[in-house]
Amino acid sequence: MSDNFDVIVIGGGPAGYPAAVRAAQNKLSVACIDEWKNADGSPVFGGTCLNAGCIPSKALLESTELLHRAQHEFATHGIQLGSIAFDVAAMQKRKATIVKQSTVGILALFKGAGVTPLQGHGKLLPGRQVEFTAHDGTRRVLQARHVVLASGSQPMELRSAPFDCRRIVDSWGALDFDAVPKRLGVIGAGVIGLELGSVWRRLGAEVVVLEALEQFLAMADGQVAKEAQRHFKKQGLDIRLGAKVTGARVEGEEVVVTYTDAKGEQTVTFDKLVVAIGRRPHTKDLLADGTGVVIDGRGFIEVDEHCHTAAENVWAVGDCVRGPMLAHKGKEEGVAVADLIAGLYAEVNYKVIPSVIYTAPEIAWVGQTEEQVKASGRAYKVGNFPFAASGRARAMEAAAGFCKVVAAVDDDEILGVHIVGPMAGELIAEAVLAMEYSASTEDLQRTIHAHPTLSEALHEAALNADKRAVDCLNR
Ligand code: FAD
Ligand code: AMP
């Protein structure tokens with residue numbers, strides 16, 4: 001095998017592997033290095049997303065949502081099941097199968113595109129050389145015309161509640177519980193904390209979520225956050241806001257957590273504790289001295305708007321650079337960089353990156369929240385449509401939540417779309433496309449939506465922005 005490549009990608013997660021595939025599609029010679037090993041020691045591509053993030057969490061969310069519906073909803077449909085049992089081991093096995101199918105799929109993609117997969121550690125040396133240390137310890141120095149750094153991120157640890165990997169775990173650990181903890185503590189009411197809290201709550205755990213901020217889901221539209229919080233409360237998620245965790249200690253089979261809130265110091269005891277306070281860029285042992293790549297004060301690799309680092313022909317994409325830590329953001333950066341390397345046009349539109357929280361109801365948004373538009377001073381209008389008025393949502397027994405469109409008064413441009421309700425993560429795609437093309441609410445209003453579909457809710461919300469909705473009161 002040659003030691004010279006047009007492109008070497010370090011990291012085979014959702015930012016790195018698409019960069020490698022696209023670069024190979026662009027007729028460049030490509031190697032992708034990844035060091036991930038699963039708990040059983042098997043090396044796999046796919047990074048956090050496939051092995052310990054997006055995919056396993058969605059697999060468990062799906063299983064537990066089905067259980068919840070069987071327990072609480074099927075009777076409404078006239079379906080009587082008698083007693084309903086569940087098997088955590090079977091859920092975990094199904095999850096593992098899905099993860100495996102996905103990671104094996106990457107190797108197939110590499111084979112099809114002609115990417116050389118290298119499993120082990122990659123380290124950038126000066127002059128775009130890359131030291132590759134295979135899992136068996138053998139070392140080679142490779143040469144590249146371009147290097148793409150896609151080394152991802154890792155869970156942040158709370159110094160006062162260090163992981164012990166048994167009682168105090170990170171999100172990966174919380175995806176792998178083999179039994180339902182009776183009392184589960186979650187630190188952080190962010191996306192990951194809420195998704196994992198939902199999984200174990202649906203399986204019967206008493207879940208307490210401790211969140212330092214006073215405001216729930218501060219990054220989401222205020223109206224959406226309020227609606228979601230109401231539903232989570234009804235589901236029995238005990239979300240305590242303004243609760244800053246100050247310590248956690250394992251005592252026998254329990255974890256004792258201390259936190260401060262408006263009333264002073266509090267103590268709460270759990271069987272397991274998940275620390276979900278965010279993720280930080282992972283760049284450990286990635287860069288030798290003298291590469292010219294700069295790491296910023298927060299640990300991210302510094303890049304310009306095209307994901308180019310301070311070193312010539314060295315690029316960086318995904319969670320290890322600025323911007324939202326989302327798989328689809330990393331993927332777009334990866335393919336854009338691979339196209340730029342090949343001399344093609346590419347650009348990532350950071351203004352229209354969708355965010356999704358896969359709880360029930362689902363939450364999804366793109367663009368600016370109403371609060372952000374208000375703060376910008378631009379005159380705006382809002383259109384809302386409740387899923388309670390959607391025939392399809394009612395037929396699905398999922399008539400909770402709403403669609404909300406925020407648009408400019410001057411030129412009618414859509415500035416943000418916010419959805420809390422059934423299939424919000426799928427529905428948001430239409431809003432993303434609309435905003436990518438700088439659509440106005442009138443464009444959405446004049447677009448025919450099939451009936452009866454959930455997507456009509458977005459159509460009606462756009463109409464409601466001009467108080468012309470047909471299927472709800474125009475308030
Ligand atoms: P990673 O996926 O972290 O991949 C980086 C890879 O590089 C890893 O395999 C790592 O081992 C390897 N690597 C690092 N350094 C080296 C080196 N020096 N040599 C060789 N290999 C190296 N995002 C979403 O968009 N949707 C979701 O639903 C979602 N759910 C999530 C749920 C959970 C529980 C978690 C934890 C995250 C979730 N995310 C989700 C976030 C998403 O997983 C990340 O944004 C995404 O994985 C980032 O992709 P990446 O390729 O930048 O990094
Ligand atoms: P995210 O960044 O979306 O993953 O969310 C992480 C959440 O954890 C944020 O809402 C933080 O406010 C919260 N958080 C961080 N540190 C603490 C802490 N010590 N106690 C409680 N919540 C915390």
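When a residue number appears, it is its place in the shown sequence, counting from 1. Values below: all heavy atoms of this structure, side chains included; hydrogens, waters and symmetry mates excluded. Just so you know, ligand 1 is whichever comes first in the structure, and atom 1 is the first atom listed for that ligand.
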Enumerate donor-acceptor pairs with a distance under 3.5 Å from any side-chain N or O in residues 21-30 to protein atoms, sequence neighbours excluded.
from	atom 1	to	atom 2	distance (Å)
R22	NE	Q25	OE1	2.9
R22	NH1	D339	OD1	3.4
R22	NH1	D339	OD2	2.8
N26	ND2	R22	O	3.4
N26	ND2	A338	O	3.2
N26	ND2	D339	OD1	2.9
S29	OG	D6	N	2.9
S29	OG	D6	OD2	3.3

* Is ligand 1 under 4.0 Å from a heavy atom in the side chain of K329, in the backbone, in both, or in neither? -> neither
* Between E333 and K331, is there a side-chain N and carboxylate O pair less than 4.0 Å apart? -> no
* Asked: Out of M325, K331, R279, whose heavy atom sits nearest atom 41 (C) of ligand 1?
  -> M325
* Structure fact -> Note: I10, heavy atoms under 4.0 Å from ligand 1, region reported as side chain
* With a cut-off of 4.0 Å, which atoms of ligand 1 are near a heavy atom of H282? -> 14 (C), 15 (N)
* Taking the inter-plane angle between the rings of F177 and W200 on a 0 to 90° scale, is it parallel (under 30°), tilted (30 to 60°) or perpendicular (over 60°)? -> tilted
* W36: which of Y17, W172, F45 passes ring-ring contact (aromatic ring centres under 6.0 Å, His included) -> W172
* Asked: With a 4.0 Å heavy-atom cut-off (strictly under), which part of C320 contacts ligand 1: side chain, backbone, both or neither?
  -> neither
* To do: Pick, from P56, G11, G120, the option with the minimum heavy-atom distance to atom 20 (C) of ligand 1.
  => G120
* Check whether any side-chain heavy atom of L142 lies under 4.5 Å from a side-chain heavy atom of E131, and answer yes or no. => no
* Asked: Does E35 reach ligand 1 with a nitrogen or oxygen that is under 3.5 Å from one of the ligand's nitrogen or oxygen atoms?
  -> yes
* **Spacing of CZ belonging to F402 relative to CD belonging to E227, to within rounding of 0.5 Å** => 5.5 Å
* **Student check: side-chain heavy atoms of V209 and D238 closer than 4.5 Å** => no
* Structure fact -> Interatomic distance, CD1@I428 vs CG@L458, rounded to 0.5 Å, equals 7.5 Å
* Is there a nitrogen or oxygen of E195 sitting under 3.5 Å from a nitrogen or oxygen of ligand 1? -> no
* Asked: What atoms in ligand 1 come closer than 4.0 Å to a heavy atom of S171?
  -> 34 (C), 36 (C)
* **Contact (N/O only, under 3.5 Å) between G318 and ligand 1** => no
* Structure fact -> Heavy-atom proximity to atom 38 (C) of ligand 1, picking from C54, A19, P14, points to C54
* Asked: Which atoms of ligand 1 sit under 4.0 Å from any heavy atom of D319?
  -> 44 (C), 45 (O), 46 (C), 48 (C), 52 (O)
* Side-chain touch L61/R202, heavy atoms, less than 4.5 angstrom -> yes
* To do: Enumerate the protein residues lying less than 4.0 Å from ligand 2, judged by heavy-atom distances, in chain and residue-number order.
  => L158, I187, G188, G190, V191, L210, E211, A212, L213, A243, K244, V245, A276, I277, G278
* Subset of ligand 1 atoms that lie under 4.0 Å from at least one heavy atom of G122 -> 17 (C), 18 (N), 19 (N), 20 (C)
* Asked: To which protein heavy atom is atom 5 (C) of ligand 1 closest, and what is the distance rounded to 0.1 Å?
  -> A150 O, 3.5 Å
Name the atoms and distances for all side-chain donor-acceptor pairs under 3.5 Å in residues 355-363, with sequence neighbours left out.
from	atom 1	to	atom 2	distance (Å)
T359	OG1	P361	O	2.9
E362	OE1	A424	N	3.4
E362	OE1	G425	N	2.8

Donor-acceptor contacts, no H, no angles, side chain residues 179-189, under 3.5 Å, sequence neighbours left out:
from	atom 1	to	atom 2	distance (Å)
K182	NZ	E206	OE2	3.2
R183	NE	D271	OD2	3.2
R183	NH2	E254	OE2	3.0
R183	NH2	D271	OD1	2.8

* When only distance counts, is V317 in polar contact with ligand 1, meaning an N/O pair under 3.5 Å? -> no
* Asked: Quick check: does A15 get an N/O under 3.5 Å from an N/O on ligand 1?
  -> yes
* **Atoms in ligand 1 flagged as close to W36, the criterion being non-hydrogen separation under 4.0 Å** => 8 (C), 9 (O), 11 (O)
* **Enumerated ligand 1 atoms positioned under 4.0 Å from heavy atoms of L286** => 18 (N)
* **Aromatic ring pairing H146/W315, orientation class (parallel under 30°, perpendicular over 60°, tilted between)** => tilted
* Asked: For ligand 1, which atoms have a heavy atom of Y358 less than 4.0 angstrom away?
  -> 28 (O)
* To do: Ignoring hydrogens and angles, state whether a donor on the side chain of H121 or E35 is under 3.5 Å from an acceptor on the partner side chain.
  => yes
* Provide, to 0.1 Å, the distance between atom 25 (O) of ligand 1 and the closest protein heavy atom, together with that atom's residue and name. => A327 N, 2.8 Å
* Asked: Under 3.5 Å, side chain of T138 to main-chain N/O of A134, donor-acceptor pair present?
  -> no
* What protein heavy atom is closest to atom 14 (C) of ligand 1, reported as residue, atom name and distance in Å? -> S151 O, 3.2 Å
* Asked: Can you check whether N313's main-chain N or O pairs, donor with acceptor, with H308's side chain at less than 3.5 Å?
  -> yes
* To do: Taking the side chain as every heavy atom from C-beta outward, state whether L237 and S198 have any atom pair closer than 4.5 Å.
  => yes
* Carboxylate-amine/guanidinium proximity below 4.0 Å for D176 and K95 -> yes
* Asked: Of S355, P18, G152, P281, which has the heavy atom at the shortest distance from atom 53 (O) of ligand 1?
  -> G152
* Asked: Identify the closest protein heavy atom to atom 8 (C) of ligand 1: which residue and atom is it, and at what distance?
  -> D34 OD2, 3.5 Å
* Atoms in ligand 1 with a heavy atom of A52 nearer than 4.0 Å -> 34 (C), 36 (C)
* Looking only at distance, does K58 have an N or O less than 3.5 Å from an N or O of ligand 1? -> yes
* Asked: Salt bridge between E370 and K404, side-chain N to carboxylate O under 4.0 Å?
  -> yes
* N/O separation below 3.5 Å, G53 to ligand 1 -> no
* Under 3.5 Å between some N or O of ligand 1 and some N or O of T48? -> yes
* Asked: When you measure from the side chain of H418 to the backbone N and O of Q368, does any donor-acceptor pair fall under 3.5 Å?
  -> yes
